[in-house]
Amino acid sequence: MQSKIKISYLFAALCLSTLMASAGDGGGKKGHHSAKPADAASQLKLPEGFKASTVVEGFGATRHLVVAPNGVIFVHLSDSKRRKTGAAKDGVYRLEDTNGDGKPDKITNFGDYEGTGIAIKDGYLYASSNTDVYRYKLDGSFNIVNPDQPEKIVSGLLDRNQHNTKSIALDNSGNIYVNIGAYANACQVQDRTKGSPGRMPCPILDSAAGIWQFKADQPNQTYGTGTRYATGLRNVVGLDWNTQTNSLFVMQHGRDQLSNNWPEHWTDKESAELPAECMYELHKGSNCGWPYIYYDQIQHKQMLGPEYGGDGKKSPEKEFQDPVVAFPGHLAPDGLLFYTGDAFPGKYKNGAFVAFHGSWNRAPEPQAGFFVVCVSFNNGKPSGDWEVFADNFSGGPEKTASGRVDYRPCGLAQGPDGALYVTDDTKGVIWKISYNK
């Protein structure tokens with residue numbers, strides 16, 4: 001039987017003393033962290049009128065989260081691949097503030113498995129491991145009815161230790177969408193090897209590098225009962241169902257190592273900026289082109305991948321789906337949320353927040369990212385340029401440039417009061433960002 005615990009906020013805050021850095025989901029490298037700042041909330045830089053408060057600190061590797069209509073927070077922790085914190089273990093945690101002081105004092109855990117995905121829909125909590133998707137019945141107070149006996153919705157998904165977290169989103173028609181990331185950088189014969197050609201056709205696309213659709217209420221589904229909803233996506237960690245457009249939006253992690261593996265075509269500086277991190281609006285049958293192409297946000301067009309004969313100038317013979325927004329390369333987008341609340345100024349309504357975990361592979365150029373940005377939407381389409389919303393998670397420009405940062409934003413959620421919640425998966429912080437009119 002899986003263990004359940006109740007721990008005080010104070011214990012959760014004190015049980016973490018030393019952490020190793022995470023490198024984001026863009027490539028699996030390690031980094032080094034400075035000591036934890038004295039005040040995680042005051043460090044953030046926000047637009048005028050916004051204020052951050054700290055919900056928890058030192059809690060473990062807090063990945064994605066969701067906030068119930070009564071304010072209860074469910075957060076998925078995963079120490080996989082990079083570090084063991086000595087704080088809270090893998091699994092899902094329920095955080096409740098029973099005395100109204102803004103800090104959870106009733107904390108329980110269940111589901112002792114690593115992973116990222118978490119969502120609430122129609123009286124159930126959904127959570128994913130790196131191979132399976134579960135759902136838990138909720139009562140009227142958003143307690144888990146039977147935490148030790150979840151219903152397994154999907155099982156047997158591919159996990160080859162690279163891009164293996166299974167992020168999830170649900171629509172309003174009874175479907176759940178699961179990312180299955182590619183277990184390679186660019187589908188080379190020898191992965192991440194200088195000059196190695198790409199495999200044609202890429203065999204990874206059969207079971208990974210895309211979004212799979214399953215029924216949200218049907219147990220024991222597998223690849224055979226699911227639908228490959230979209231393909232050609234190297235890895236998606238942040239995704240969300242846009243209720244205004246009634247469609248799925250995702251943030252793709254772009255490929256790495258253009259200059260490392262193809263120095264005859266790209267300089268280190270060019271490779272630091274390329275290719276774009278892309279936001280796509282997906283529909284059934286969408287093909288975004290990985291590994292055959294990448295998107296060049298500077299030239300504003302699709303380019304043929306070097307593994308398939310590209311040189312930074314050649315366009316593909318076949319056109320694939322274009323992104324709706326193209327960001328600079330290697331920022332590692334790990335969270336995506338469409339804001340539907342009314343607590344923030346009007347320009348944020350129906351817009352997208354994106355949490356960029358931060359880069360590891362822009363050297364010798366400065367590293368970048370470690371912020372949350374906002375993309376305004378008008379009539380279901382991006383409107384104007386994206387802008388940085390929450391900054392200085394890194395602790396300053398020098399820390400950003402070196403990659404030895406204080407925090408890396410990861411998950412995003414909207415609270416019932418319209419506040420924005422942000423997680424950090426290196427030191428285990430959850431922030432609540434509110435607006436004072």
Side-chain angles (χ1 to χ4, degrees), residues 7-16 19 33-77 87-88 93-108 118 142 334-335 337 339-345 348 351 353-357 370-374 388-396 405-437:
I7 53 177
S8 69
Y9 166 74
L10 180 61
F11 178 80
L14 292 177
C15 63
L16 175 62
L19 286 168
H33 278 278
S34 60
K36 181 174 72 66
D39 188 339
S42 63
Q43 174 170 317
L44 299 191
K45 293 182 179 179
L46 301 166
E48 185 176 357
F50 287 90
K51 180 182 179 180
S53 60
T54 305
V55 179
V56 295
E57 294 184 74
F59 198 68
T62 51
R63 296 284 292 176
H64 287 176
L65 78 167
V66 65
V67 185
N70 65 348
V72 167
I73 298 170
F74 291 93
V75 60
H76 204 149
L77 272 64
Y93 283 73
R94 183 185 184 275
L95 285 64
E96 184 176 1
D97 173 17
T98 64
N99 59 16
D101 67 352
K103 307 290 186 181
D105 52 90
K106 181 182 179 183
I107 301 177
T108 58
I118 193 163
F142 293 91
D334 276 8
L337 173 75
Y339 184 78
T340 59
D342 297 313
F344 288 4
Y348 297 103
F353 287 105
V354 184
F356 285 102
H357 200 242
F370 319 106
F371 47 45
V372 175
V373 311
C374 179
V388 175
F389 172 76
D391 203 356
N392 205 42
F393 291 90
S394 68
V405 299
D406 295 332
Y407 306 111
R408 291 175 179 264
C410 181
L412 299 170
Q414 181 181 312
D417 59 354
L420 178 68
Y421 289 77
V422 184
T423 66
D424 152 70
D425 68 353
T426 59
K427 293 184 174 67
V429 180
I430 299 176
W431 293 271
K432 179 180 180 181
I433 300 176
S434 305
Y435 181 73
N436 297 319
K437 297 181 181 179

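Basis for what follows: all heavy atoms, side chains included, without hydrogens, waters or symmetry-related copies. Quick caveat: nothing in here was measured; it's all calculated off a predicted structure.
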Is the closest side-chain heavy-atom distance between [X] and [Y] below 4.5 Å?
X	Y	result
W431	V55	no
N392	L44	no
E96	P104	no
I107	R94	no

Quick check, are the ring centers of [X] and [Y] under 6.0 angstrom apart?
X	Y	result
F393	F356	no
Y348	Y339	no
F371	F389	no
Y93	F59	yes

Do you know the tightest heavy-atom contact between [X] and [Y]?
X	Y	value
S394	F370	CB-CB, 4.2 Å
G71	P416	N-CG, 3.9 Å
Q414	G341	NE2-N, 3.3 Å
G418	A343	CA-CB, 3.9 Å
I73	V67	CG1-CG2, 4.2 Å
A355	C410	CB-O, 3.6 Å

Working to the nearest 0.5 Å, report the span between [atom1] of [X] and [atom2] of [Y].
X	Y	atom1	atom2	value
Q43	D391	CD	CG	10.0 Å
D417	S434	CG	OG	6.0 Å
L65	L95	CG	CG	9.5 Å
T423	L412	OG1	CG	7.0 Å

Exercise for the section: Applying side chain to side chain contact (heavy atoms under 4.5 Å, CB included) between R63 and each of I118, V75, D425, L77, report the one that passes. Expected result: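 Option passing the side chain to side chain contact (heavy atoms under 4.5 Å, CB included) with R63: D425.
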Handout entry: Matching residue for L337 among V372, L420, V422, V354 - test: side chain to side chain contact (heavy atoms under 4.5 Å, CB included)
Key =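 The residue from V372, L420, V422, V354 that satisfies side chain to side chain contact (heavy atoms under 4.5 Å, CB included) with L337 turns out to be L420.
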Is the backbone N or O of [Y] less than 3.5 Å from a side-chain atom of [X], with the two atoms forming a donor-acceptor pair by type?
X	Y	value
T62	D424	yes
H64	D334	yes
K103	T54	yes
R408	H357	yes

Exercise for the section: Kindly confirm or rule out a cation-pi arrangement of K427 over Y407, judged by NZ or CZ under 6.0 Å from the six-membered ring centre and within 45° of its axis? Expected result: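 Yes, K427 lies over the aromatic ring of Y407.
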Problem - F50 and F344: CA distance, side-chain angles, deciding distance, ring-ring contact (aromatic ring centres under 6.0 Å, His included) verdict - result: CA-CA 9 Å; F50 287 90; F344 288 4; 4.9 Å; yes
Exercise for the section: Evaluate the criterion side chain to side chain contact (heavy atoms under 4.5 Å, CB included) for residue pair K51 and L46; output intermediate values, then yes/no. Expected result: CA-CA 7 Å; K51 180 182 179 180; L46 301 166; 5.5 Å; no
